[in-house]
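Here is how names work: the chains are called A, B, and so on, in the same order as the sequence lines, proteins then strands, and each is numbered from 1.
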Amino acid sequence: MPELPEVETTARLVRPHLLGRRLTAARVLWLRTLGGATAAGFQRAVVGATVRGVDRRAKWVVLDLGAAGALLVHLRMTGRLVVEPAEDDAGPWLRVGLGLDDGRELRFLDVRKFGRVLHVAEPSAVFAALGPEPLGPEFTPEALLAGLRARRRALKPLLLDQGFIAGLGNIYVDEALHAARLHPLRRSDEVTPRAARALHGAIQRILAAAIEREGSSFDVFYRTPEGRPGEYQHLFQVYGRDGQPCHACGATVQKIVVGQRGTHFCARCQRAKP
DNA sequence: AGCTACTCCTGGTAGC
DNA sequence: TGCTACCAGGAGTAGC
């Protein structure tokens with residue numbers, strides 16, 4: 001599932017194809033992808049605009065359109081961005097296509113239709129509720145500890161909360177909690193300063209390593225814009241490894257459900273109580 | 001405040 | 001082999 005490393009990879013790889021390109025057309029094949037806008041309104045807003053920047057915030061790919069506002073793309077479960085010759089068949093999962101002035105098309109493909117392509121005049125309204133970037137300067141061990149102490153929630157759902165920290169999803173939360181030796185149901189206000197530092201380090205180290213490997217692919221869905229699978233799945237310690245031995249201690253990796261999410265952990269490495 | 005349940009979707013897979 | 005039932009899950013919403 002696309003999380004921060006997959007979205008960062010997507011933004012990096014489409015950027016050189018899009019910078020300076022003018023949008024010449026917009027076709028909408030699944031209206032709900034627009035998140036409530038009409039196809040005509042969307043077309044009016046974006047056709048003629050020029051892409052001034054391609055960045056990432058949380059799990060959003062942000063196309064800066066200058067005075068025309070911005071396009072915000074959320075891949076959710078199965079979304080992908082690709083840039084292909086406009087005459088090439090886009091396949092059955094094309095939801096939104098944006099024609100480019102070089103004869104190609106930026107395509108949003110999405111099997112499960114949960115993804116979104118939003119036009120906004122100003123991204124700040126969408127981004128206002130997001131927590132800090134885990135690889136950004138605001139995310140320090142001290143800030144993490146203070147945030148954990150300010151809440152009384154289980155670590156797993158808290159780390160998935162985009163308002164607490166932006167960009168983590170189910171995979172990298174499970175991996176970070178294992179690396180920090182913290183049980184997913186441990187209460188956030190009971191985490192020690194030492195454990196908070198370990199968690200901070202684990203989050204940063206794992207995300208950076210996953211970005212280096214262009215994210216994680218373990219099913220048919222996530223591929224880079226160039227069609228390659230990511231490689232970080234080979235380094236998973238717990239995610240998807242239930243029933244197999246923990247690489248750290250040899251105990252069997254467990255899978256439980258926490259907040260409707262499959263949650264993988266090692267009960268020997270990650271104690272429920274300190 | 002924080003929890004659970006429900007919704008949106010469909011390809012893949014387990015079970016028969 | 002072919003069918004059905006169920007599962008995966010990010011994020012928004014509602015209800016307790």
What integer distance in Å separates F218(A):CZ from dG11(B):P?
-> 17 Å
Let me have a per-nucleotide readout for nucleotides 2-8 of chain B, 5' to 3', with B, S or -, counting only protein heavy atoms under 4.0 Å.
-> SSSB--B
Can you check whether Y239(A) and H264(A) have ring centres sitting under 6.0 Å from each other?
-> yes
Looking at every strand, decide which applies to Y172(A) at a 4.0 Å heavy-atom threshold: base, sugar-phosphate, or nothing.
-> nothing
Closest heavy-atom contact between Q162(A) and A58(A)?
-> OE1-CB, 4.4 Å
Under 4.5 Å between any side-chain heavy atoms of E133(A) and F139(A), yes or no?
-> no
Could you list where the contact with chain A starts and ends along DNA chain C, reading 5' to 3', using a 4.0 Å heavy-atom cut-off?
-> dA8(C) to dA11(C)
Between dC9(B) and W93(A), is there an OP1 or OP2 to side-chain N/O distance shorter than 4.0 Å?
-> no
Classify the nucleic acid contact of K156(A) as base, sugar-phosphate or nothing, counting any heavy atom under 4.0 Å across all strands shown.
-> nothing
Hey, does L148(A) have a side-chain heavy atom less than 4.5 Å from the side chain of L155(A)?
-> yes
Apply salt bridge (charged side-chain N to carboxylate O under 4.0 Å, His left out) to E214(A) and R12(A), showing your working.
-> CA-CA 10 Å; E214(A) 299 190 318; R12(A) 287 183 184 184; over 6 Å; no
Return the orientation label for the Y232(A) and Y172(A) ring planes: parallel under 30°, perpendicular over 60°, tilted otherwise.
-> tilted
Do the side-chain N and O atoms of E226(A) and T224(A) include a donor-acceptor pair separated by under 3.5 angstrom?
-> no
Hey, what's the ring geometry for F127(A) with W60(A), parallel, tilted or perpendicular (30° and 60° as the breaks)?
-> tilted
Does the side chain of F42(A) reach to within under 4.5 Å of the side chain of V96(A), using non-hydrogen atoms?
-> yes
The helix from dG2(B)-dC16(C) to dC16(B)-dG2(C): angle between end helix axes, five pairs per end, rounded to 10 degrees = 50°
